Protein chains: 2
Amino acid sequence: MPEATEWSKGGRPPRLSRAEIVAAAKAVVEGEGIEKLTMRRLAREVGSTPMALYRHVRDRQGLLLLLLDDAAERIPRPDLPTDPAERVIEASTAMRDGLAEVPWIVEVLVSDDLLSTAALWYPEAVVDAAIRAGLDESQAVQAYRTIWYYTAGEIVVRAAAGRRAADGTGTHREAVFAAIDAGRTPRLAAIGDRWPALAGRDTYREGLRALVDGLLRPVAQSE
Amino acid sequence: MPEATEWSKGGRPPRLSRAEIVAAAKAVVEGEGIEKLTMRRLAREVGSTPMALYRHVRDRQGLLLLLLDDAAERIPRPDLPTDPAERVIEASTAMRDGLAEVPWIVEVLVSDDLLSTAALWYPEAVVDAAIRAGLDESQAVQAYRTIWYYTAGEIVVRAAAGRRAADGTGTHREAVFAAIDAGRTPRLAAIGDRWPALAGRDTYREGLRALVDGLLRPVAQSE
DNA sequence: ACCTGAACACCGTTCAAGT
DNA sequence: ACCTGAACACCGTTCAAGT
C-alpha cells in the first residue's frame with residue numbers, strides 16, 4: 001500500500017480505538033454499574049492492558065465524559081411547542097427523562113452547566129424561549145441556570161433515593177425520621193408516616209411549571 | 001471503683017470514641033479535603049488501626065453521615081419573617097449558605113430529602129410557610145421538595161464549577177463551548193463569550209424568589 | 001506510534017486472634 | 001468489649017522498555 005494512510009506515515013498501527021473503548025465501557029456500565037468500570041476491568045474487556053487505554057483517553061474522568069457525550073447524543077430531541085413556557089417545559093422534561101435513564105449520571109452530572117456538545121440544543125431552547133417571552137439575554141441565561149439547577153437537583157436527589165431503596169440503606173433516613181417530634185417540628189409530625197409516600201411521587205413537571213411561571217410571568221406582565 | 005460504670009460491667013474499656021473519630025475526620029477533611037479521608041489515614045490520625053474504627057462507625061458512608069450531622073448542627077438557624085414567601089426564602093438561603101460552606105458536601109448531599117436530624121427545622125419552616133400560604137399538606141410537601149431540588153442542584157452544580165476552576169480542569173467545558181455554532185444554536189452563539197460571566201453570578205436568591213412566587217401565588221389567588 | 005510489564009502507592013473490609 | 005495483624009481483593013497512574 002503506497003498510499004499515506006494515517007498510520008503508514010510511520011509507527012505501529014493501532015489495535016485499540018477510542019470508539020471501541022467507549023463501547024466496551026458502556027457495556028460494562030450498563031451491565032454491572034459504574035462502580036465496576038475500572039481501568040483494569042476495561043482493559044481486560046478489550047483484551048489489552050490498563051496502560052494501553054491511556055493512549056486513547058486522558059484518564060478515568062475523561063472516559064466518563066466520553067460516556068456522557070454518548071448518552072447525550074442518544075437523548076431524543078422533542079418537537080417543541082411555540083409558546084415559551086410550554087417550550088421550556090417540554091425541553092426540560094425531555095432532558096430530565098433522558099438523563100434520569102442513565103443510571104450513572106450522578107457521577108458525571110456534577111460537572112457543568114453546559115453539559116455536553118450533544119446537549120447544546122437544550123440551553124438553546126430554554127434561552128430562546130426566555131428571550132421570546134421578553135427577558136433580556138442576561139435574564140434568559142439566569143432563567144436557564146435556575147431551571148438547570150432544579151433539574152440537576154431533582155435527578156441527583158431522586159437517584160440517591162432510588163439507590164437507597166435498592167441497597168436497603170434506609171437506616172439513616174429512618175433515624176432522621178424517628179427524630180421528628182411534635183414539639184419542635186409540628187408540621188412534620190402531623191404529616192408523619194405520610195411523608196415517604198408524598199416524597200416518593202414524581203412531581204418534576206409540576207414543580208417545573210411553577211418555576212417557569214415564576215421566571216417568565218413578571219416580565220410578560222410588564223409589557 | 002465499685003460503681004457499675006458503662007464498661008465495668010465487663011470487657012475492655014474503650015480507648016476510642018465515636019466523638020473522637022468524628023473530630024479527627026473533620027480535621028482531616030477541613031485540612032486536606034474529603035479525598036484524603038480514608039479509613040487507614042483516619043486510624044493513623046487517632047493512633048489506632050483501621051479496623052478499630054469499625055467498632056464505632058458502621059462503614060465509610062456512615063462516617064460521612066456523622067460528619068454531615070455535625071455540619072448541619074453548626075448551620076445558624078435564622079429568625080424567620082412571618083410572610084410565607086419571605087419565610088421560605090430566608091430559611092432556604094440560610095440552609096444553602098450553610099451547606100455551600102461545607103466543601104465536601106456534594107459527596108454526602110446526594111443522599112436524602114430529609115437530610116439530617118439537626119436540619120429538620122428547615123423542611124418544617126418551608127412546609128409551615130406553604131400551609132400558611134394556603135396549600136394543603138400534600139402540596140406543601142411537594143413545594144418543599146421542589147425547593148430542595150433547586151437548592152441541592154444549585155449547590156452541586158456550583159461546587160462542581162468551583163472545583164473545575166481550582167483544578168484547571170477547564171478543558172471539557174471549553175470543548176463544549178467551542179462547539180457552539182451560529183447555525184444550530186444562534187442564541188448561545190449570540191451570547192458567546194459572555195456566557196462564563198453570566199453563568200458565574202450568584203443568582204440563587206432571585207431564582208428562588210421566582211420559584212416561590214410560582215409555587216405560592218396560584219393558591220393565594222384562588223382564595 | 002502504540003502497547004506491555006512491572007512497580008508505586010494506595011484503597012475498604014473480613015476474619016481470626018489477642019487482651 | 002474492644003483492639004490488632006495479616007490478608008483479600010482490589011484501585012489509578014507513572015515509568016521504562018519493547019515492537
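All values below were derived from every heavy atom in this structure, side-chain atoms included, with hydrogens, water molecules and symmetry-related copies excluded. A, B, ... follow the sequence lines: proteins, then strands. Residue 1 opens every chain. None of these values were measured; they are calculated from a predicted model.
Looking at residues two or more places apart in sequence or on another chain, you find a side chain to side chain contact (heavy atoms under 4.5 Å, CB included) between Pro78(B) and Leu80(B), Ala94(B), Trp121(B).
Computed from coordinates, the Ile21(B) CD1 to dC2(D) C1' distance equals 12 Å when rounded to whole Å. Rounded to a whole Å, the CE atom of Met51(A) is 15 Å from the P atom of dC11(D). One atom, CZ of Arg55(A), and another, P of dT14(D), lie 12 Å apart when rounded to the nearest Å. Glu20(A) has its CD atom 13 Å from the C1' atom of dC3(C), to the nearest Å. Atom pair Leu53(B):CG and dC2(D):P shows a separation of 14 Å (rounding to whole Å applied). The CZ-P distance, from Arg15(A) to dC3(C), rounds to 7 Å in whole Å. The separation between Arg18(B) atom CZ and dC2(D) atom C1' is 15 Å, rounded to whole Å. Rounded to an integer number of Å, the gap from CG of Asp59(A) to C1' of dC11(D) is 14 Å.
Secondary structure note: stems in DNA chain C built from 3 or more consecutive Watson-Crick or G-U wobble pairs under 3.5 Å occupy C:4-8 with D:12-16, C:12-16 with D:4-8.
Separating the P atom of dA9(D) from that of dC8(C) is a span of 22 Å, rounded to the nearest Å. Remark: the separation of the C1' atoms in dC2(D) and dA17(C) is 13 Å, to the nearest Å.
Not less than 6.0 angstrom separates the ring centroid of Trp148(A) from the ring centroid of Tyr150(B).
Less than 4.0 Å separates DNA chain C from at least one heavy atom of each of the following residues of residues 30-49 of chain A: Arg40(A), Ser48(A), Thr49(A).
Applying the 4.0 Å criterion to OP1 and OP2 of dT13(C), one finds that Tyr54(B) has a side-chain N or O inside that range. Within the 4.0 Å cut-off from OP1 or OP2 of dG12(D), at least one side-chain nitrogen or oxygen of Arg60(A) is found. Taking side-chain N and O atoms only, His56(B) has a distance below 4.0 Å to OP1 or OP2 of dC3(D).
With dC3(C), dT13(D), dC3(D) as the choices, the nucleotide that has an atom nearest any side-chain atom of Ala52(A) turns out to be dC3(C). When each of dC15(C), dT13(D), dC2(C) is scored by its nearest atom to the side-chain atoms of Pro50(A), the top-ranked nucleotide is dT13(D). Distance from the side chain of Pro14(A) is smallest to dC2(C) among dG12(D), dC2(C), dG12(C).
Contact of the Leu67(B) side chain with the Leu37(B) side chain is registered, since non-hydrogen atoms from C-beta on lie closer than 4.5 Å. At least one side-chain heavy atom of Glu45(B) sits less than 4.5 Å from a side-chain heavy atom of Val28(B).
Counted within 6.0 Å of CG on Asp193(A), heavy atoms from surrounding residues, nucleotides or ligands total 12 or fewer; the atom is thus considered open. Residue-environment remark: CD (Glu32(B)) exceeds the threshold of 12 foreign heavy atoms within 6.0 Å. By the 6.0 Å contact criterion, CZ on Arg41(B) is enclosed, its count of non-hydrogen atoms from other residues, nucleotides or ligands being greater than 12.
Between the side chains of Tyr122(A) and Ser92(A), at least one donor N or O sits under 3.5 Å from an acceptor N or O. A side-chain donor-acceptor contact under 3.5 Å links Arg201(B) and Ser138(A).
With hydrogens and angles disregarded, no donor-acceptor distance shorter than 3.5 Å links the side chain of Tyr204(A) to the backbone of Asp97(A).
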